[in-house]
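Notes follow the structure.
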Amino acid sequence: MRPLSQSSAADWVAAGTNHWNLTIQGFVPAEYDAYTRVLHEVEQGDESATWASVAAANGHRFDPLAQWTRMNVDRDGEDRRGRPRLGSLTPSVARSLSKVLAAFTTTPETCFFGLWEGFGGSELPPNAQLFESNRRVMGLFEGQIQDATHSFSSWPWSQLANLWWPADRAWFVVSEIDYDSTIVAGSRECIDTLLRTSGVEAVEIGPGDTLAIS
């Protein structure tokens with residue numbers, strides 16, 4: 001993983017995202033065949049839980065656009081402990097995701113990553129080129145697909161890249177800073193494979209859907 005000093009690899013991202021469009025299309029810089037929402041792990045002490053299991057335990061219906069803040073309330077109106085992290089995948093989920101995505105690009109050795117400049121525990125190197133995605137200022141990095149698990153924060157905290165895509169643009173991954181899930185766009189076969197992948201809680205969504213809390 002190395003910082004890039006020029007932004008040409010990310011120009012299409014800056015041009016294709018739209019801050020005023022809160023649908024999936026506003027966060028993804030090109031049109032893809034299919035889209036999925038990867039739900040961030042729910043960390044509850046030393047254990048983790050799935051969104052679907054929490055919804056079932058609290059007596060709520062689970063659907064692809066479910067909001068954690070509504071689903072996490074039990075039958076007595078109390079919030080359960082634990083919550084998914086915002087703005088970042090966990091390394092374990094990023095590893096599972098990268099293994100799948102590696103098979104759906106011709107350039108797994110050349111991928112690009114964007115890190116939001118505003119994370120308190122992460123500091124962009126002074127030579128990292130800045131670019132905008134959905135009005136968020138990002139630092140630009142280049143690496144291999146395995147670098148999707150790279151943390152920009154010191155242990156025990158982990159802050160992974162907010163954006164990643166291969167040089168051939170076969171797919172696009174975005175972990176929006178305020179969202180507790182990650183959007184993945186790609187081919188139909190790629191998304192179908194992700195939906196079946198163990199260790200990744202993923203649900204299919206459409207380009208016109210929104211994850212904004214209404």
Exercise. Would you find a donor on one side and an acceptor on the other, under 3.5 Å apart, between the side chain of Ser7 and the backbone of Gln129?
Worked result: no
Exercise. Is Arg85 reaching over with its side chain to a backbone N or O of Ser158, donor-acceptor style, under 3.5 angstrom?
Worked result: yes
Exercise. Is the shortest heavy-atom distance from the side chain of Phe27 to the side chain of Asn18 under 4.5 Å?
Worked result: no
Exercise. If you round to the nearest 0.5 Å, how far is OG1 of Thr182 from CZ of Arg37?
Worked result: 10.0 Å
For this session: Could you grab the distance from atom CG of Asp147 to atom CD of Glu109, nearest 0.5 Å is fine?
Result: 9.5 Å
Problem set entry | Ala102 backbone acceptor or donor facing Thr105 side chain under 3.5 Å | no
For this session: Could you tell me the separation between the CD atom of Gln67 and the CG atom of Asn72, rounded to the nearest 0.5 Å?
Result: 12.5 Å
Exercise. Aromatic ring centroids of Trp12 and Phe172 under 6.0 Å?
Worked result: yes
Exercise. Does any donor atom in the side chain of Thr107 or Thr110 lie under 3.5 Å from an acceptor atom in the other side chain?
Worked result: no
Problem set entry | With sequence neighbours excluded, residues passing side chain to side chain contact (heavy atoms under 4.5 Å, CB included) with Arg61 | Asp63
For this session: Mind checking side chain to side chain donor-acceptor pair (under 3.5 Å) for Thr197 and listing every partner two or more places apart, or none if nothing turns up?
Result: none
For this session: Kindly write out the residues that satisfy side chain to side chain contact (heavy atoms under 4.5 Å, CB included) with Ser5, not counting sequence neighbours, or none if the list is empty.
Result: none
Problem set entry | Under the side chain to side chain contact (heavy atoms under 4.5 Å, CB included) test, residues paired with Pro125 that sit two or more places apart | Pro3, Asn127, Ala128, Phe141
Problem set entry | Salt-bridge contact Arg136-Asp178 (side-chain N to carboxylate O under 4.0 Å) | yes
For this session: Measure from the ring center of Trp51 to the ring center of Trp68 and say whether it is less than 6.0 Å.
Result: yes
For this session: Answer with yes or no after comparing the ring centroid distance for His60 and Phe62 against a 6.0 Å cut-off, counting only values under it.
Result: no
Contacts under 3.5 angstrom, residues 186-195 side chains, donor-acceptor by atom type, not counting sequence neighbours:
| from | atom 1 | to | atom 2 | distance (Å) |
| --- | --- | --- | --- | --- |
| Ser187 | OG | Cys190 | N | 3.1 |
| Arg188 | NE | Asp192 | OD1 | 3.2 |
| Arg188 | NE | Asp192 | OD2 | 3.4 |
| Arg188 | NH1 | Glu204 | OE2 | 2.8 |
| Arg188 | NH2 | Asp192 | OD1 | 2.8 |
| Arg188 | NH2 | Glu204 | OE1 | 3.1 |
| Arg188 | NH2 | Glu204 | OE2 | 3.1 |
| Thr193 | OG1 | Glu189 | O | 2.8 |

Exercise. Is Leu86 reachable from Val42 through a run of hydrophobic residues whose side-chain heavy atoms are each under 4.5 Å from the next?
Worked result: no
Seminar exercise, completed: Across all chains, not counting sequence neighbours, the side chain to side chain contact (heavy atoms under 4.5 Å, CB included) partners of Asn162 are Leu115, Trp116, Phe119, Met138, Gln159, Ile177
For this session: Taking the side chain as every heavy atom from C-beta outward, state whether Pro108 and Gln144 have any atom pair closer than 4.5 Å.
Result: no
